[in-house]
Protein chains: 2
Amino acid sequence: MERDCVVVVAGAPIKDTRWLKQTLDSHPNAYRIGVDRGALKLSRLGFHLDEAVGDFDSVSEEEFCLIKQSTHQLTQLPREKDLTDLDEALLHITSNPSLNNKPVYIYGALGSGGGRLDHLLHNISLFSRELFKPLLSRVHLIEKDQEVLVFKPGFHLIKEAPRWQYFGVFTLNSVKQLTIQQAKYTLEPTDTKGFTSWISNEFIPHQDALIQFESGIVFVVLTALT
Amino acid sequence: MERDCVVVVAGAPIKDTRWLKQTLDSHPNAYRIGVDRGALKLSRLGFHLDEAVGDFDSVSEEEFCLIKQSTHQLTQLPREKDLTDLDEALLHITSNPSLNNKPVYIYGALGSGGGRLDHLLHNISLFSRELFKPLLSRVHLIEKDQEVLVFKPGFHLIKEAPRWQYFGVFTLNSVKQLTIQQAKYTLEPTDTKGFTSWISNEFIPHQDALIQFESGIVFVVLTALT
């Protein structure tokens, strides 16, 4: 079976399981990776996992058996390590040539269902690392009411959709000549150093927004109407 | 009355109002600023506000009257502006000489009660701006189970307390010679570029941790036992 994308379910709480199930159903040909408690979530929703990665210290013996039964390849990591369980799972993606250039959809990484703030911030900061460069411009961190896209230098369209009320543009490091066009508030070419933000921008109806920059890493946060 | 600190209540949801009331009661001599819906929260809890700042488009006519009755000085901002309501409130602090060098405790800025992710990220990113430099090393963003401290270059003790299970260290921009000492995991002098993290560190019992760096901005996230 040819895989058209990668779906990762990480360990942070996801409030609306029905929404998660529906969303995952819309990617029947995904390569699926469950990370720690995220593997349990995927198993319980009845999905087959291509991989499960984690130290699994937050699941019971019985839950671990369920994960093993649903999973093709399980990687149990030590509890004390330099990278997080999600970091390790993302390295499995970048080192798998068959997943090269496929879009990567990550659920349960932003903790909007009530997760740890340090994990959320780490899960965004990791894209400033050389190690995760191959994921730039194809990674989406998705929750029910928000989505984070992370970009490498170049020209990128941010897709307009009626559900998105706001979008915010953030730089993760030194960025050269960042512009925002085709949006309510535009930005003339600007250089930044470090973590910087332009939030509460809005789409022009039926018009994709456009960001462009020459170096560094930029991410966009989309916020839904509530 | 001599003020010993500044308390800011911003607009993001705060789940546990009883906890907020108790915490604010422990600062009876604070200079109190309510930001937008945060001003309503302070008023409803029976506190007198030195200032209320915001566009107040999220409160009703009646709620706005309640805020005005509890507030010494009210600043109504336009709805469309370059800075957020909280940014403007923080500028009121830095431009008030009588609040110089007082600790600043900000509640309702991290949205752990379910706020907007873009606001949370913006509220952290703003400390990389020259404009807010006077707040570094005296600002605390506080929620019930977590706290963010933001530091300027130098030598800083991170206070150990049994309630803190983990701490994470993050750089907001280019940081030179960052070290972490007196903690479970130490860090040898390290230079970083942009937003970087070392999470899930732990205190040595009854021992404050120590961070030190020569340039740039560093923040620490404390996470409580749950």
Side-chain angles (χ1 to χ4, degrees), chain A residues 15 79-85 87 110-130 141 143 145-148 165-175 184-185 192-202 216-224 226, chain B residues 15 79-85 87 110-130 141 143 145-148 165-175 184-185 192-202 216-224 226:
Chain A
K15 233 187 284 181
R79 200 178 166 275
E80 302 212 343
K81 54 195 175 295
D82 284 343
L83 296 175
T84 71
D85 293 344
D87 296 354
L110 301 177
S112 51
R116 270 170 58 184
L117 175 67
D118 55 343
H119 276 177
L120 149 66
L121 294 171
H122 171 80
N123 291 345
I124 288 174
S125 76
L126 59 88
F127 296 103
S128 68
R129 295 169 70 171
E130 197 61 29
L141 292 91
E143 303 285 324
D145 299 322
Q146 58 207 11
E147 191 166 327
V148 174
Q165 184 170 20
Y166 298 108
F167 74 91
V169 177
F170 295 80
T171 62
L172 265 188
N173 49 20
S174 293
V175 166
K184 184 169 180 185
Y185 306 101
T192 72
K193 285 178 180 175
F195 192 35
T196 317
S197 67
W198 292 268
I199 64 166
S200 296
N201 208 331
E202 294 172 42
I217 296 156
V218 169
F219 68 97
V220 168
V221 180
L222 297 159
T223 304
T226 48
Chain B
K15 233 187 285 182
R79 200 179 166 273
E80 302 212 346
K81 54 195 175 294
D82 283 343
L83 297 175
T84 71
D85 294 343
D87 296 354
L110 300 176
S112 51
R116 271 171 57 184
L117 175 66
D118 55 344
H119 275 177
L120 149 65
L121 294 172
H122 171 80
N123 291 345
I124 289 174
S125 77
L126 60 88
F127 296 103
S128 68
R129 294 169 71 171
E130 198 59 30
L141 293 92
E143 302 285 323
D145 299 321
Q146 58 207 12
E147 192 166 327
V148 174
Q165 184 171 20
Y166 297 108
F167 74 91
V169 177
F170 294 80
T171 62
L172 264 188
N173 48 20
S174 292
V175 166
K184 184 168 179 186
Y185 306 101
T192 73
K193 285 179 177 172
F195 191 35
T196 318
S197 67
W198 293 267
I199 64 167
S200 296
N201 208 332
E202 293 172 42
I217 295 157
V218 169
F219 68 97
V220 168
V221 179
L222 297 158
T223 304
T226 49

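Keep in mind the model is a prediction, meaning the values are calculated, not measured. Letters A, B, ... mirror the listed sequences (proteins, then strands); counts begin at 1.
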Check your understanding: Out of curiosity, Phe195(B) CZ to Arg129(A) CZ, how far, rounded to the nearest 0.5 Å?
Key -> 12.5 Å
Point to revise | Part of Lys184(B) lying under 4.5 Å from any heavy atom of chain A | key: side chain
Review point. Under 4.5 Å between any side-chain heavy atoms of His119(A) and Ser200(B), yes or no?
Key: yes
Check your understanding: Going from CG on Leu121(A) to CG on Leu110(B), what distance comes out if it is rounded to the nearest 0.5 angstrom?
Key -> 8.5 Å
Point to revise | Segment of Ile217(B) engaging chain A (4.5 angstrom heavy-atom cut-off) | key: neither
Review point. What is the minimum heavy-atom distance between Lys193(B) and Asn173(A), and which atoms define it?
Key: O-CB, 4.3 Å
Practice item. Measure distances from Ile199(B) to the heavy atoms of chain A and classify the residue's part below 4.5 Å as side chain, backbone, both or neither. Key: side chain
Check your understanding: Any side-chain heavy atom of Gln165(B) within less than 4.5 Å of one from Arg116(A)?
Key -> no
Point to revise | Portion of Val175(B) that has a non-hydrogen atom of chain A nearer than 4.5 angstrom | key: neither
Exercise for review: Let me know if Tyr185(B) has heavy atoms under 4.5 Å from chain A in its side chain, its backbone, both or neither.
Suggested key: side chain
Practice item. Only counting residues at least two apart or in another chain, list the ones meeting ring-ring contact (aromatic ring centres under 6.0 Å, His included) with Tyr166(A). Key: none
Review point. Looking at Ser197(A), Gly194(A), Ser128(A), which one has more heavy-atom pairs under 4.5 Å with chain B than the rest?
Key: Ser197(A)
Review point. Just wondering, do Asp118(B) and Phe170(A) contact through their side chains at under 4.5 Å, heavy atoms?
Key: yes
Study note, to complete from the structure: In terms of heavy-atom pairs under 4.5 Å with chain B, the winner among Thr223(A), Val221(A), Leu117(A), Asp82(A) is Leu117(A)
Exercise for review: Check whether Thr84(B) gets within reach of chain A through its side chain, its backbone, both or neither, counting any heavy atom under 4.5 Å.
Suggested key: side chain
Study note, to complete from the structure: Turns out that what part of Leu172(A) lies under 4.5 Å from chain B's heavy atoms comes down to both
